[in-house]
Amino acid sequence: MPELPEVEAVARTLRRRVAGQRVVRCRVLHSIAVRPQSPATLRRGVEGQRIEGVERRGKYLLLRLARGCVALHFRLDGQLVWFDSPARSTGGRPRRPARHIDVAFELTGGTLGFVDRRHFGRVQWLARAEDSPGIRNLGIDPLSPGFTPERVQTLLGKARRALKLLLMDQTRIAGLGNIYASEALWRARLDPRRRAARLSPQEARRLHKAIVYVLRRALECCLHPAPDFRNPEWWFSGVEKALRVYDREGRPCRRCRGRIRRIEQGGRSTYFCPCCQK
DNA sequence: CCTGCTACCTGATGGC
DNA sequence: TGCCATCAGGTAGCAG
């Protein structure tokens, strides 16, 4: 599931590939991917437009156009694929991965496809990024200069929620998902069940440092190897190298040899070490 | 404003 | 072997 590091790596790599190209044509093959918009809205918004830039907002990927932008959200399983030549729908054997494509952007120099078999992900055209409530309401980006220990302290300040749930709230901190929230709390040696407002200033500083460390390290992993839009496996290769607790239920903690536990918070799995996370 | 719950969707998994 | 029920997970929308 792409979280901030994956989307950031994709943005940097895709930027070099598509910036300056024009969207010759847009095909919506599975209209569920553009809901609640209509395929026509997306097509009219993008066709003929030049892609001026690619950026990330939280877990959203934005294609900045001459007029407006396209916002893509991968949710759980969304991916991007790339074809150098215009995809051919007839003749010839299908290319190796005969994956279904939900939305295809035919550019001047190739085709960019949005793929999501589970159909949770979304692609929208927006006159301005802020027209999307999800984007407008995003909290601070943890890799931005404004993300300081003091800022973390303020965010924690009034929240009665469990720490893990706060970290995953996109309107507070933009970009942490289920995996890196667990990873950051492990790194900070903090129990995910703690009430956010109860952290000491010292613990808040530890949390800040852990979040930044975990995301930066994961981003490095996601950039080496760099995103390969022909290889669906890439989307998982970065995460695997970076994981210290996630999905390790019952196995020994890499720090204290305690037994990693899995609990449920807000209907999601949380992994932590009860022995060294207090 | 804050918090918590559910629907959305489908591949993978496990039980019988 | 095959079928069916269950589960995972990010976000929007709704309820309290």
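Below, read A as the first sequence line, B as the second, and so on, with proteins coming before strands; counting in each chain starts at 1.
The distance between atom CG of A:Asp77 and atom P of B:dG11, rounded to the nearest whole Å, is 10 Å. For the pair A:Asp169 CG and B:dC5 P, the interatomic distance rounds to 15 Å; values are reported in whole Å. For the pair A:Leu76 CG and B:dC9 P, the computed distance is 13 Å after rounding to whole Å. Rounded to whole Å, the distance from CG on A:Leu72 to C1' on C:dG10 is 15 Å. For the pair A:Gln79 CD and B:dG11 P, the interatomic distance rounds to 14 Å; values are reported in whole Å. Rounded to an integer number of Å, the gap from A:Phe120 CZ to C:dT11 C1' is 9 Å. Atom CD in A:Glu3 sits roughly 10 Å away from atom P in C:dG9 (whole-Å rounding). Rounded to whole Å, atom C1' of B:dG11 lies 12 Å from atom CE of A:Met1.
Base pairing of B:dC1 is not made with any nucleotide, judged by Watson-Crick or G-U wobble geometry with both donor-acceptor distances under 3.5 Å.
Among the protein residues, A:Arg160 comes within range of the sugar-phosphate backbone only, with heavy atoms under 4.0 Å from sugar or phosphate atoms but none that close to a base. Within 4.0 Å of A:Arg161, counting heavy atoms only, lie sugar-phosphate atoms of the nucleic acid but no base atom.
Taking side-chain N and O atoms only, A:His119 has no distance below 4.0 Å to OP1 or OP2 of B:dC8. The side chain of A:Gln170 places no N or O atom within less than 4.0 Å of a non-bridging phosphate oxygen (OP1 or OP2) of C:dG10. The phosphate of C:dA8 has neither OP1 nor OP2 within less than 4.0 Å of any side-chain N or O from A:Tyr246. An OP1 or OP2 oxygen of B:dG11 is reached within less than 4.0 angstrom by no side-chain nitrogen or oxygen of A:Arg118.
Salt bridge A:Arg27/A:Glu106: present, at least one basic N to carboxylate O contact under 4.0 Å. Salt bridge annotation for A:Asp191-A:Lys278: absent, with no cationic side-chain nitrogen under 4.0 angstrom from a carboxylate oxygen. By the 4.0 Å N-to-carboxylate-O rule, A:Arg12 lies close enough to A:Glu8 to be salt-bridged with it.
Aromatic ring pairs are classed by plane angle as parallel below 30°, tilted from 30° to 60° and perpendicular above 60°; the pair A:Phe229 and A:Trp235 is tilted.
For A:Arg268 against C:dG10, a side-chain N or O and a base N or O form a donor-acceptor pair under 3.5 Å.
Between C:dG9, B:dT3, B:dG4, one nucleotide has an atom nearer to the side chain of A:Ser269 than all others, and that is C:dG9.
With a 6.0 Å radius and a threshold of 12 heavy atoms from other residues, nucleotides or ligands, A:Arg259 has its CZ atom at or below the threshold.
Comparing A:Tyr60 and A:Arg262 by the nucleotide of DNA chain C whose heavy atom lies nearest to each, the residue mapping closer to the 5' end is A:Arg262.
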